[in-house]
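Below is one structure, written out as structure tokens; comments come after it.
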Amino acid sequence: MKKILIAIATLLIIVTIFYLHRSGKKIPDSANLVYKGGDSMAVVKVLNVVGDSTVSWEDAIHKAVEEAAKSVPNISGIEVVNQTANVKNGKIVEYKANIQIAYRADGQLD
């Protein structure tokens with residue numbers, strides 16, 4: 001199921017980039033981490049990761065990227081999808097961050 005979701009997300013990103021490129025619309029500056037215009041288009045994969053921390057959401061995000069980087073060396077960008085927390089006795093005891101990590105499928109970095 002996870003592989004199907006990753007494949008669908010990757011396809012949606014590629015279709016969106018293709019549509020924006022062909023329609024003449026400006027690609028958002030935030031996309032520069034993943035796609036840089038030119039004669040060729042990069043194939044980008046997206047990996048969904050959940051990071052957790054007892055310190056902060058920022059720490060949870062950093063931990064998620066560090067863990068993913070152990071097996072995906074060519075990360076080009078991330079998007080924070082949402083942030084949640086576990087609460088006990090009225091206090092946050094664990095911060096969680098769901099992120100999408102984008103990386104070039106061919107292993108190259110621009």
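- In terms of the side-chain hydrogen bond (donor to acceptor under 3.5 Å, both in side chains) criterion, residue partners of Lys70 (sequence neighbours excluded) are, by chain and number, Glu67.
- Scanning for side-chain hydrogen bond (donor to acceptor under 3.5 Å, both in side chains) contacts around Gln100 gives Asn48, with sequence neighbours left out.
- Under the 4.5 Å side-chain criterion, counting only non-hydrogen atoms from C-beta, Ile99 is in contact with Ile61.
- The side-chain contact (heavy atoms from CB on, under 4.5 Å) check on Asn89 picks up nothing, with sequence neighbours excluded.
- For the atom pair NE2 (His62) and OG (Ser53), the distance works out to 10.5 Å, reported to the nearest 0.5 Å.
- To the nearest 0.5 angstrom, Arg104 atom CZ is 12.5 Å from Lys45 atom NZ.
- Here Asp52 pairs with nothing under the side-chain hydrogen bond (donor to acceptor under 3.5 Å, both in side chains) rule; sequence neighbours left out.
- Between Leu47 atom CG and Ile101 atom CD1 the span is 5.5 Å, to the nearest 0.5 Å.
- At least one donor-acceptor pair closer than 3.5 Å links the side chain of Ser76 to the backbone N or O of Ala102.
- Here the CD atom belonging to Glu66 is positioned 10.0 Å from the CD1 atom belonging to Ile75, to the nearest 0.5 angstrom.
- In this structure, Trp57 belongs to a hydrophobic cluster whose other members, linked by side-chain heavy atoms under 4.5 Å apart, are Val87, Ile92, Tyr95.
- Remark: Asn74 CG to Tyr103 OH distance equals 8.0 Å, nearest 0.5 Å.
- The salt bridge (charged side-chain N to carboxylate O under 4.0 Å, His left out) contacts involving residues 54-63 comprise Asp59-Lys63, where partners must be two or more places apart or lie in separate chains.
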